[in-house]
4 protein chains.
Amino acid sequence: MNEPKTTRGQKTLNRIIKAAENEFGKKGYYNTTINDLAARAKVAPGTIYIYFSDKYSLYCHLLNRYGHEIRKKIAEDTAGCATRLDAERAGLLSFLRQVKKQPYMYQIIWESLYINPTLFVEYYESFALRYKTKLDESAGEITRMDNTVLAYILMGIVNFIGLKYVFFDKGADLEKVADQAMAFYRYGLSGLGQPAEGPAGEQPGGSAC
Amino acid sequence: MNEPKTTRGQKTLNRIIKAAENEFGKKGYYNTTINDLAARAKVAPGTIYIYFSDKYSLYCHLLNRYGHEIRKKIAEDTAGCATRLDAERAGLLSFLRQVKKQPYMYQIIWESLYINPTLFVEYYESFALRYKTKLDESAGEITRMDNTVLAYILMGIVNFIGLKYVFFDKGADLEKVADQAMAFYRYGLSGLGQPAEGPAGEQPGGSAC
Amino acid sequence: MNEPKTTRGQKTLNRIIKAAENEFGKKGYYNTTINDLAARAKVAPGTIYIYFSDKYSLYCHLLNRYGHEIRKKIAEDTAGCATRLDAERAGLLSFLRQVKKQPYMYQIIWESLYINPTLFVEYYESFALRYKTKLDESAGEITRMDNTVLAYILMGIVNFIGLKYVFFDKGADLEKVADQAMAFYRYGLSGLGQPAEGPAGEQPGGSAC
Amino acid sequence: MNEPKTTRGQKTLNRIIKAAENEFGKKGYYNTTINDLAARAKVAPGTIYIYFSDKYSLYCHLLNRYGHEIRKKIAEDTAGCATRLDAERAGLLSFLRQVKKQPYMYQIIWESLYINPTLFVEYYESFALRYKTKLDESAGEITRMDNTVLAYILMGIVNFIGLKYVFFDKGADLEKVADQAMAFYRYGLSGLGQPAEGPAGEQPGGSAC
DNA sequence: CATGAATGAGATTTCATTCAT
DNA sequence: AATGAATGAAATCTCATTCAT
């Protein structure tokens, strides 16, 4: 990406990026043309090439940006959590809120599986690794299960809830969904009958974190 | 799709479909040209249009076919299972084996989110509904959790395991993965320390179903 | 055209010709495919090439056929007319009735201006010549006007009435239209006020011819 | 049609339109390729699509343009005429001169019967209506004939003279042709012997209008 | 005779990218 | 920095015609 040198250029670049989020997110990479982006950004097609070498690099720029944003926000939102499970819930909620706020972001990330698989894997693995690391750290707590498998299970939960409640069911109460996911997370199916019998000191409505 | 009227035509059609699976699966829909398909199927480009009205309808044909195949196979593989959990494990294993056997299928299904979102949602929802129905039927067993949320959680587990072990880790021992998923499924994180305390008569290595 | 040698072949050929009239007439030459013709004729596409060397020659076959039919029928329908004006009226009516009966024919003839201009000119000129010859024969009757110009004027009247009353106003009473055309033909605008003052012995409703 | 925003664009557009007139007019719509047009206009094929959404819309643009041009020019050329017959002659001459000057225009208009029948009918009917309106206004003058039939007769005269003298006999003296048409127009066949007995003050060679 | 699958040249159209202004 | 016209390679799709059966 070419950095703009004037504030006018900065504004133009912002419009282009915003337009790319909207159009890529709504119609997908291949169904979005440079002209579409230009029209939405209210610039001429040629202008886009002042800042990006090509369409692909504009897409990758968004992707990288999202990866950083998501991780940074989750780190912030889980910073103050006392227990691992609290952090888990806070992380899940942080994630869901972000994709709810910027659903285009999520669509773009998923599409990268077809457009820049390397970046997708990187994103995917970084999350899985994060889970696995945490699981490894909690060795005393949880035992005898392969933490790698477990990490992907947890990712699946997070992401499918994301897909469902962000793409298809936009009105959902995310806190409630997160609580239910956490209940399952902790007790599986067998424990679902006894949510009140969870660890002492836990509020039914979820922790304050 | 136009049905061929001769066996020669049937063979040609099969070659086209096989070629489409390979090429779409490997390179994605938008990076696959009709000429690519024709070359791999060893037909002239025009021949493809005898059987399919356009590239898109060929893609959708594969998609529908996969949906049916997957569901049918799962139904078969879970038919003899005594308990719901046995069936769940058998279903998961059936799914994983199918996507492992035909990884292109899975790639194509996921891509539909960008090509035919309606079909994707249909596929997605049909699976979720299947889970939810089962959960509703087991009302005595599992309680107080929203079965819709739960259904999507289960889907997430299945699919992310699919993504991981089919796309990125092709050598995995699927039986073992399925067992671990089932353990989590039943007991969540908190119960993972007691896999031997599961329902009586259950082999640690998974049921015979 | 290849003549069929069996009665089965004759029937097939007839179906093909009938189909060509319908399809070419309805959709025009370029918008009609060999497959369209085959489908309507209930034959395989290849069958058409048994009888015609190509699409174009099938079209020309129709065109020639029509030219002969029209002229032959007009000759028949005007054979018994005593006066030139009677013959003119009978000819006009014959023409209108034919194009009304087979509107596709007319459409096909007009299109030949773009597909086989040579044949169109031939058709066009043959009609014009016929008029001019008659006008030349009636030298005593009509004077001082260039018979070539006049011939084209008469053709214009015939054909535009054809276009209007055959293409756009299918329910018209052709006899009445023919009578009005003849009135104009004889007296022009200035004489239109005195139709009853025409030559003695003429029925208002047109001659019996 | 997309309007160009620069003079350079305007020039390009003009070249494209000019090329389309020439090529469509000479070879017909279906025998003219976009590459033909591009070559003649000295632009790349893609450039045509900047200004027109497709080949068809380029064709329709010409068609509409012609309709307007013809009507506008006739209106101008008949504006100063004192009598209806003078106006009629002037209109006929105006029409003939236009199609003589731009024979491609006429070819293109006729072809529309096969390409855009709706536009053809519109063109056709607008002319017929113009005649009919005039005839209705002259009710005192001409009586007892159906003005609609009459309108189409007059159109036929005009157009067939057009076809003949523009397509097949390009050297004709149009003034003379127009005068003869007018003579027929006024007196029909029966009156052709007395052209000198027309309304007083009329020059044998046609009015000055 | 008839079939219908197969061909492949050729047409239209798209669109990322370049470039003159 | 910005414009928007122009490019042209490449894609999809059509369809008259051929040919093996």
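Below, chains carry the letters A, B, ... as their sequence lines are ordered, and counting in each starts from 1.
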Quick one: [X] [atom1] to [N] [atom2], roughly how many Å, whole number?
X        : N       : atom1 : atom2 : answer
Asp54(C) : dT18(F) : CG    : C1'   : 13 Å
Lys5(D)  : dA20(E) : NZ    : C1'   : 17 Å
Asn31(C) : dA16(F) : CG    : C1'   : 15 Å
Tyr56(A) : dC15(E) : OH    : C1'   : 19 Å
Ile50(D) : dC19(E) : CD1   : P     : 16 Å
Lys55(B) : dT12(E) : NZ    : P     : 22 Å
Leu58(B) : dC13(F) : CG    : P     : 10 Å
Ile48(A) : dA1(F)  : CD1   : C1'   : 14 Å

Check your understanding: Without hydrogens or angle criteria, can the side chains of Tyr56(D) and Asn116(D) be said to hold a donor-acceptor pair below 3.5 Å?
Key ->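 Judged by distance alone, the side chains do pair up.
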
Point to revise | Donor-acceptor pair between Tyr66(A) and Gln98(A) side chains, under 3.5 angstrom | key: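 No, because no side-chain N or O of Tyr66(A) sits under 3.5 Å from a partner of the opposite role on Gln98(A).
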
Exercise for review: Taking only the side-chain heavy atoms of Arg8(B) (C-beta and beyond), determine which of dT3(E), dA6(E), dT13(E) contains the nearest atom.
Suggested key: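 In terms of side-chain proximity for Arg8(B), the closest of dT3(E), dA6(E), dT13(E) is dA6(E).
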
Point to revise | Selected nucleotide, minimal atom distance to Ala44(D) side chain, candidates dA2(F), dC13(F), dG8(F) | key: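 Closest nucleotide to the Ala44(D) side chain: dG8(F).
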
Tell me what [X] touches on the nucleic acid: a base, only sugar-phosphate, or nothing, going by heavy atoms under 4.0 Å.
X        : answer
Ile34(B) : sugar-phosphate
Tyr51(A) : sugar-phosphate
Thr32(D) : sugar-phosphate

Exercise for review: Using heavy atoms to find the nearest nucleotide of DNA chain F for Lys42(D) and Gly46(A) separately, return the residue whose nucleotide is more 5′.
Suggested key: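 Here Gly46(A) is the residue nearer the 5' end.
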
Practice item. Find which nucleotide of DNA chain F each of Pro45(D) and Thr33(C) is nearest to by heavy atoms, and output the residue with the more 5' nucleotide. Key: Pro45(D)

Practice item. First locate atom OH of Tyr59(A), then atom CD1 of Ile108(A), and finally report the distance between them rounded to the nearest 0.5 Å. Key: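 The OH atom of Tyr59(A) sits 6.5 Å away from the CD1 atom of Ile108(A).
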
**Study point:** Pairing partner (Watson-Crick or G-U wobble, both distances under 3.5 angstrom) of dC13(F)
**Key:** dG10(E)

Point to revise | Pairing partner of dA20(E) (Watson-Crick or G-U wobble, both distances under 3.5 Å) | key: dT3(F)

Review point. Taking the side chain as C-beta and beyond, is there a heavy-atom pair between Tyr124(D) and Ile109(D) under 4.5 Å?
Key: no

Check your understanding: Would you say the side-chain atoms of Glu111(B) pair up with the backbone N or O of Tyr29(B), donor to acceptor, closer than 3.5 Å?
Key ->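 Confirmed, Glu111(B) side chain pairs with Tyr29(B) backbone.
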
Verify the contact: side-chain N or O of [X] to OP1 or OP2 of [N], cut-off strictly under 4.0 Å; return yes or no.
X        : N       : result
Thr12(C) : dC1(E)  : no
Tyr49(B) : dC13(F) : yes
Thr47(A) : dG4(F)  : no

Revision key, fill the gap. From the list Phe24(C), Phe52(C), Tyr51(C), ring-ring contact (aromatic ring centres under 6.0 Å, His included) partner of His61(C) resolves to Phe52(C)

Practice item. Tell me which of Gly9(B) and Thr6(C) sits closer to the 5' end of DNA chain E, going by the nucleotide each one is nearest to. Key: Thr6(C)

Review point. When the nearest nucleotide of DNA chain E is assigned to Thr7(C) and to Tyr30(A) on a heavy-atom basis, which residue is associated with the more 5' position?
Key: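 Counting from the 5' end, the first nearest nucleotide belongs to Thr7(C).
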
